[in-house]
There are 2 protein chains.
Amino acid sequence: MKYQKIPEATIRRLSRYSRCLEEIEQAGEGVVSSAQLATRCMVNAAQVRKDLAYFGEFGIRGVGYYVKDLLSDIKKILGSNKEWRMAVIGIGNLGSALLSYKDFLKQNYKIVAAFDIDPPSVIGRVSEKLGKPVEVIHINRLKEVAKERRIEIGLITTPPSEAQSVADLLVEAEVKGILNFAPTQIIVPEGFVAKDVFFTTILDNLAYLLSNN
Amino acid sequence: MKYQKIPEATIRRLSRYSRCLEEIEQAGEGVVSSAQLATRCMVNAAQVRKDLAYFGEFGIRGVGYYVKDLLSDIKKILGSNKEWRMAVIGIGNLGSALLSYKDFLKQNYKIVAAFDIDPPSVIGRVSEKLGKPVEVIHINRLKEVAKERRIEIGLITTPPSEAQSVADLLVEAEVKGILNFAPTQIIVPEGFVAKDVFFTTILDNLAYLLSNN
DNA sequence: CAAATTTTGTGAAAGGAGTCACATAATTGA
DNA sequence: TCAATTATGTGACTCCTTTCACAAAATTTG
Ligand SMILES: NC(=O)c1ccc[n+]([C@@H]2O[C@H](COP(=O)([O-])OP(=O)(O)OC[C@H]3O[C@@H](n4cnc5c(N)ncnc54)[C@H](O)[C@@H]3O)[C@@H](O)[C@H]2O)c1
Ligand SMILES: NC(=O)c1ccc[n+]([C@@H]2O[C@H](COP(=O)([O-])OP(=O)(O)OC[C@H]3O[C@@H](n4cnc5c(N)ncnc54)[C@H](O)[C@@H]3O)[C@@H](O)[C@H]2O)c1
């Protein structure tokens with residue numbers, strides 16, 4: 001298998017396979033075929049095999065895939081086997097919800113810091129949400145704390161007007177990954193990765209499907 | 001222009017164009033070219049024209065597109081010109097955040113009801129979040145209230161274990177569109193539309209890009 | 001132990017989506 | 001009025017993704 005550019009769709013599906021494999025593992029299955037996994041993930045079986053083939057050979061012909069091994073391999077591919085250290089910036093409604101999102105704990109995504117421009121007003125609201133109290137830190141200490149706590153991903157939940165300047169701060173602090181929930185497009189330099197999560201786009205999509213079916 | 005299946009990517013981009021056109025309109029521009037819009041949305045100019053061509057001819061050769069008209073046309077295509085009446089089910093951390101999401105007001109997405117299985121514990125927390133107090137209603141009144149308030153879209157923010165059964169209730173209440181935030185795949189019958197929003201997939205994607213660049 | 005069965009991995013084919021390039025149409029200005 | 005300019009709409013082309021189909025490999029069965 002020689003090097004090729006991997007489609008983004010493949011990466012998204014790997015994440016789906018990962019979730020399904022966890023359920024299959026829970027159910028006590030030791031081995032799974034591409035056909036079974038495909039049915040569960042609602043994709044084509046050849047698609048599953050092709051996706052995996054980008055990264056190597058993980059199955060045994062005539063048998064299938066060992067669930068535990070495949071899950072571990074996929075997590076290694078995705079980079080979700082290591083622990084990712086995250087910060088939330090903007091502890092309002094959405095930021096607070098993210099702080100108390102329990103699934104992050106189960107996965108290897110860990111929120112290790114919370115920032116706001118107005119910490120006193122929010123510090124009471126979020127404490128103890130994650131089991132242990134979360135201290136909300138003033139945004140002007142972002143760079144210092146990001147270094148100290150080795151933050152790798154920043155979740156932006158400030159108003160849209162502030163999103164780009166917060167992203168700039170994250171870049172300055174060498175936080176390489178950004179997930180932006182504010183409805184404005186974020187631009188980061190080469191070497192950094194920013195993804196925008198637009199709720200309205202998702203709703204527009206739904207509205208379109210509802211209007212045209 | 002004859003009928004064709006419209007790519008989902010086109011619909012997503014139309015939503016993006018819509019957002020950009022709003023900014024352009026705000027800036028007081030009356031006319032925009034496909035090249036200008038494309039630069040702003042970070043896509044190819046021909047892509048913009050192709051996307052629009054699926055639905056008709058909206059521009060004037062040698063001139064460009066009238067911003068106001070194009071915005072209105074795109075919203076008509078997406079179905080986001082009409083008001084969409086939504087309900088949030090599961091008024092915990094995320095559900096409360098959605099209730100107080102101010103951008104829904106600006107767009108034509110309106111939350112007109114909130115449901116939970118344990119209303120007394122949450123009723124105080126969400127009141128007045130949207131300007132006017134929001135009454136949290138017991139889930140067992142979903143069908144009745146959905147009819148009464150003409151609810152068209154349900155946002156599921158319950159624990160994953162409850163997500164499918166809540167979806168079933170929504171289907172029974174003939175709520176045609178579902179946006180599911182719980183990390184579990186929802187299945188709905190023909191004629192209904194369900195979209196899952198998996199936070200972990202988005203993070204896995206980011207993790208992959210950070211691990212491999 | 002060999003034939004039958006199962007299921008992977010992968011080249012080839014088919015199907016979609018994105019880009020290019022240019023004819024076409026509107027406008028401007030001399 | 002007509003040439004020059006501008007920018008759309010779209011056929012053709014390229015590139016990418018998905019599906020098909022089957023040889024290869026492992027296992028099971030008689
Ligand atoms: N509420 C939702 O459900 C929801 C959903 C999708 C997207 N969003 C987006 O997420 C963002 C936050 O939404 P919200 O409802 O939580 O708003 P919010 O007003 O409740 O919270 C914003 C927080 O950001 C803080 N802040 C402002 N400027 C800052 C800065 N420069 N640095 C650090 N912190 C700063 C504020 O003090 C406040 O605590 C918005 O952009 C919104 O559009 C919200
Ligand atoms: N918190 C986040 O930031 C976040 C982010 C992404 C996804 N999610 C997902 O969204 C969902 C909610 O997360 P949360 O953190 O708000 O959880 P939460 O526990 O704070 O809220 C869940 C709410 O749902 C209610 N509920 C339970 N069963 C119900 C039923 N059958 N009918 C109606 N209401 C019911 C509960 O009473 C509770 O109020 C979860 O599935 C979670 O995985 C949360």
Side-chain angles (χ1 to χ4, degrees), chain A residues 1-17 20-21 24 29-74 77 201 205 208, chain B residues 1-17 20-21 24 29-74 77 201 205 208:
Chain A
M1 185 217 49
K2 63 181 203 299
Y3 176 80
Q4 300 183 247
K5 203 201 160 299
I6 286 114
E8 180 155 327
T10 290
I11 300 305
R12 267 199 303 276
R13 279 191 299 268
L14 285 177
S15 176
R16 186 130 47 110
Y17 302 156
C20 287
L21 284 168
I24 292 167
E29 301 290 329
V31 177
V32 72
S33 71
S34 59
Q36 292 171 313
L37 185 55
T39 305
R40 204 172 184 119
C41 296
M42 310 219 260
V43 298
N44 180 291
Q47 183 78 80
V48 171
R49 298 197 296 273
K50 256 286 147 74
D51 284 337
L52 293 172
Y54 282 112
F55 303 97
E57 303 195 3
F58 304 99
I60 301 162
R61 295 177 187 214
V63 179
Y65 302 87
Y66 292 115
V67 175
K68 243 174 114 68
D69 294 352
L70 185 57
L71 186 53
S72 149
D73 287 330
I74 289 180
I77 293 165
T201 297
N205 222 291
Y208 172 77
Chain B
M1 184 216 49
K2 65 182 200 299
Y3 178 79
Q4 298 183 249
K5 203 201 160 299
I6 285 113
E8 181 154 326
T10 290
I11 300 303
R12 267 200 302 277
R13 280 190 300 269
L14 286 177
S15 176
R16 185 131 46 109
Y17 303 156
C20 287
L21 284 168
I24 292 167
E29 300 290 328
V31 177
V32 72
S33 71
S34 60
Q36 292 171 313
L37 184 56
T39 305
R40 204 173 185 120
C41 296
M42 311 220 259
V43 297
N44 181 291
Q47 183 77 80
V48 171
R49 298 197 297 272
K50 255 286 146 75
D51 284 336
L52 293 173
Y54 282 112
F55 303 97
E57 303 194 4
F58 304 99
I60 300 163
R61 296 180 187 208
V63 179
Y65 302 87
Y66 291 115
V67 175
K68 240 173 118 70
D69 293 352
L70 184 58
L71 186 53
S72 149
D73 287 330
I74 290 180
I77 293 164
T201 297
N205 222 290
Y208 173 77

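All values derive from a computational prediction rather than experimental measurement. Chain letters run A, B, ... following the sequence lines, proteins first, then strands; residues in each count from 1.
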To the nearest angstrom, how far is [X] atom [atom1] from [N] atom [atom2]?
X	N	atom1	atom2	value
Arg49(A)	dT8(C)	CZ	C1'	6 Å
Ile11(A)	dT17(D)	CD1	P	11 Å
Arg12(A)	dT18(D)	CZ	C1'	14 Å
Lys50(B)	dT14(D)	NZ	C1'	12 Å
Asp51(A)	dC16(D)	CG	C1'	14 Å
Glu8(B)	dC16(D)	CD	P	21 Å
Ile6(A)	dT18(D)	CD1	P	13 Å

Please list, in numerical order, the residues of residues 30-47 of chain A that have a heavy atom closer than 4.0 Å to any atom of DNA chain C.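 When residues 30-47 of chain A is checked for heavy atoms under 4.0 Å from DNA chain C, the hits, listed by number, are Ser33(A), Ser34(A).
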DNA chain C contacts among residues 60-67 of chain A, heavy-atom distance under 4.0 Å: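 When residues 60-67 of chain A is checked for heavy atoms under 4.0 Å from DNA chain C, the hits, listed by number, are Ile60(A), Arg61(A), Gly62(A), Val63(A), Gly64(A), Tyr65(A).
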CZ/Arg49(B) to OG/Ser34(B) distance, rounded to the nearest 0.5 angstrom?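 Reported value, rounded in 0.5 Å steps: 4.0 Å.
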Report the C-alpha separation of Asp51(A) and Tyr17(A) in whole Å, then their side-chain angles, then the decisive distance to 0.1 Å, and conclude whether the side-chain hydrogen bond (donor to acceptor under 3.5 Å, both in side chains) test is met. CA-CA 10 Å; Asp51(A) 284 337; Tyr17(A) 302 156; 2.7 Å; yes
What's the closest nucleotide to the side chain of Ala9(B) if the choices are dC22(C), dT10(C), dG18(C)? dG18(C)
